[in-house]
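Report on one structure; see the data block that follows.
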There are 2 protein chains.
Amino acid sequence: MSQSLSRALRILIELGEGERSLDQVAASLEVHKTTAMRLLHTLEADRFVRRDDRQRYHLGSRLFALGGAALAQHAIRDVAQPHLNRLAAEAGGQAVHLAAYENGTAIYIAKVENTHAVRMYSRVGLPAALHATAVGKVLVAGLPPGEQEAVIAGIDFRPFTSRTIADAAAYREVLAKTREQGWAEDAAEHEDFINCVGAPVRDEAGRVVAAVSVSVPDVILPREGVRGLVPQLLAATEAISADWVGAR
Amino acid sequence: MSQSLSRALRILIELGEGERSLDQVAASLEVHKTTAMRLLHTLEADRFVRRDDRQRYHLGSRLFALGGAALAQHAIRDVAQPHLNRLAAEAGGQAVHLAAYENGTAIYIAKVENTHAVRMYSRVGLPAALHATAVGKVLVAGLPPGEQEAVIAGIDFRPFTSRTIADAAAYREVLAKTREQGWAEDAAEHEDFINCVGAPVRDEAGRVVAAVSVSVPDVILPREGVRGLVPQLLAATEAISADWVGAR
DNA sequence: CTGCATGTTGCAAATTATGCAACGACGATT
DNA sequence: AATCGTCGTTGCATAATTTGCAACATGCAG
């Protein structure tokens, strides 16, 4: 739609991976370096991009501010954070995530790192696979039926592990079960040896507005043990839902 | 330089202040709504912008990720954070800031909130006034002489309080004193009733790479009392400098 | 001093963005 | 129930913005 703009956005995304020189930027955009330079200058003028003394380009300080503002606008994050911390503690220091549905994807909007040596890879702002994570299942299961089908049609059932759900039919069954029992499971479907349980946060009309999950490596607790965390998980999501409804 | 791009950036900046409708965006850009719409769609396609079910536009999830990445690229932040926490505790729960010089401005890259009721306004990613904050003075005082003059020439000596430094001559004296004593003061020059002290973090060549400040409201501690925090402040900045040199 | 890598400028060509006007969808109001 | 108003969307002609080129400038290394 807007060529120069989408090129500029690609620059920002690429700089998110690390510093780049002008030529590197031009090469990866497949444009003349003049073009890349002018985009970079515009970005620099508004502090979206910064140039160091060695002429390398970095993400600029404006993105700190916007990133912070974006997070602040997810008011549910503030409501949820203390409950997430408590849940993480109750679960013995395991990783806890809060994710929200957004335009066909699930996005992590808050997390509590686990305190054990085994870290899992995730980051606030990155998308969670809809078909291979507990939060993804919870969020899709909570969509209105019409939208749900559209989303399912758009899922790429890419396997992450040997246990990843591989097709829409199996996925629909899992969604039905999720709705029925009020929580979802991820049995090493996204990362080998990591099991999760997730549950929804709801607003006053019962709509799912976010999902919380606890992730536990096999070596700490086997799959059945993780299921044992469901009561604490549900207590946390119910508390968040109550606070959320009360906060508005 | 690039019209459509700078318009799009202005959209992002504005959305940082809160949600907007298409017409509001078009009005503030002073362009036809068609134009605004196409920019918004491009931004939306890359998740820089998100549309809610009521057709309001918000900052999108990509900005979480980029904001996080931008922070992560300021490696000094990670090095400094534990020292900042300790300093804040030693200072009795006062606000502590870490700022870096960047393209003619000082930017807060980390902070520790104070634990008292009186909060001061600041936010990671926002610029700090060079002439009216302790970190601003420290960072400018540490620039190479040539660049320093260029920066001073560009400062708008806007008064924030009755005590704000009002001209370049007075500012140069303060910078000299800052270099001499190794720390700077802000005696209610930015916000009435808030005094700060700040000191530099240096790399292995002695260059100033960042500045740390402690901010204390008058009601907690008078100006002389704040000066008493200088030893702890210097201990913290020296520790950060040592860690920083060691980390590379 | 020469060569290589990097960033910058003037200019002509045309792709790309723009504004207009008309349309469609949705809600509120009467 | 009908109408009005608000808001977002699309097709199209205009032209303005962006693009690539080629030459120039600067800084560093051999």
Side-chain angles (χ1 to χ4, degrees), chain A residues 1-15 17-60 102-104 143-147 150 205 207, chain B residues 1-15 17-60 102-104 143-147 150 205 207:
Chain A
M1 310 181 190
S2 178
Q3 188 179 77
S4 59
L5 173 54
S6 58
R7 284 174 173 168
L9 298 182
R10 281 170 56 200
I11 291 179
L12 290 177
I13 294 169
E14 184 163 347
L15 290 183
E17 289 156 22
E19 59 170 41
R20 294 292 137 97
S21 71
L22 173 60
D23 278 342
Q24 288 175 309
V25 170
S28 89
L29 287 185
E30 298 179 298
V31 297
H32 199 239
K33 60 178 179 168
T34 306
T35 305
M37 190 197 72
R38 287 193 269 241
L39 294 175
L40 283 166
H41 280 194
T42 308
L43 289 165
E44 192 183 358
D46 275 320
R47 303 210 325 274
F48 281 79
V49 153
R50 165 179 68 91
R51 223 188 319 191
D52 65 22
D53 35 9
R54 278 163 198 79
Q55 299 269 56
R56 289 293 138 89
Y57 295 89
H58 303 256
L59 294 178
E102 200 166 284
N103 268 341
L143 291 174
E147 197 173 349
R207 285 180 298 244
Chain B
M1 311 181 191
S2 177
Q3 186 178 79
S4 60
L5 173 53
S6 58
R7 284 173 173 169
L9 298 182
R10 283 170 56 200
I11 292 179
L12 291 178
I13 293 170
E14 184 164 345
L15 290 182
E17 290 155 23
E19 58 169 42
R20 294 291 136 95
S21 70
L22 172 61
D23 278 342
Q24 288 175 308
V25 170
S28 88
L29 287 185
E30 299 179 296
V31 297
H32 197 134
K33 60 178 181 171
T34 307
T35 305
M37 189 196 73
R38 285 193 270 241
L39 293 175
L40 283 166
H41 280 194
T42 307
L43 289 165
E44 192 183 357
D46 275 321
R47 302 211 326 276
F48 281 78
V49 153
R50 164 179 69 90
R51 222 188 321 191
D52 66 22
D53 35 8
R54 279 163 197 79
Q55 299 267 58
R56 288 296 140 90
Y57 294 89
H58 305 255
L59 294 179
E102 200 166 283
N103 268 339
L143 291 174
E147 196 172 351
R207 283 180 299 243

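Just so it is clear: chains get the letters A, B, ... in the order the sequence lines come, proteins before strands, and each one is counted from 1.
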Smallest separation among heavy atoms of A:Glu19 and A:Gln24, with atom names | O-OE1, 4.3 Å
With a 4.5 Å limit on heavy-atom distance, are the side chains of A:Leu5 and A:Leu9 in contact?
-> yes
For the helix from C:dC1-D:dG30 to C:dT30-D:dA1, measure the angle between the helix axis at one end and the axis at the other, each built from five pairs, rounding to 10°.
-> 40°
Min side-chain heavy-atom separation A:Arg10-A:Leu29 under 4.5 Å = yes
Interatomic distance, A:Gln55 CD vs D:dC28 P [rounded to whole Å] = 10 Å
Distance, nearest 0.5 Å, that separates OG of B:Ser6 from CG of A:Leu39 = 11.0 Å
Among pairs that include at least one residue of residues 31-44 of chain B, which meet salt bridge (charged side-chain N to carboxylate O under 4.0 Å, His left out), considering only residues two or more places apart or in two chains?
-> B:Glu44-B:Arg51
From B:Ser4 atom OG to A:Gln3 atom CD, the distance as rounded to the nearest 0.5 Å | 9.5 Å
Please name the pair of heavy atoms, one in B:Leu43 and one in B:Ala8, separated by the smallest distance, quoted to 0.1 Å.
-> CD1-O, 4.2 Å
Rounded to the nearest Å, what distance is computed from the CG atom of residue A:Asp23 to the C1' atom of nucleotide C:dT8?
-> 13 Å
So what does B:Arg56 hit on the nucleic acid, given a heavy-atom distance under 4.0 Å: a base, only sugar-phosphate, or nothing?
-> nothing
Close side-chain approach of A:Ile11 to A:Tyr57, heavy-atom, < 4.5 Å | no
When every nucleotide of nucleotides 9-20 of chain C is labelled 5' to 3' by its protein contacts under 4.0 Å (heavy atoms), B for base, S for sugar-phosphate only, - for none, what sequence of letters results?
-> B------SSBBB
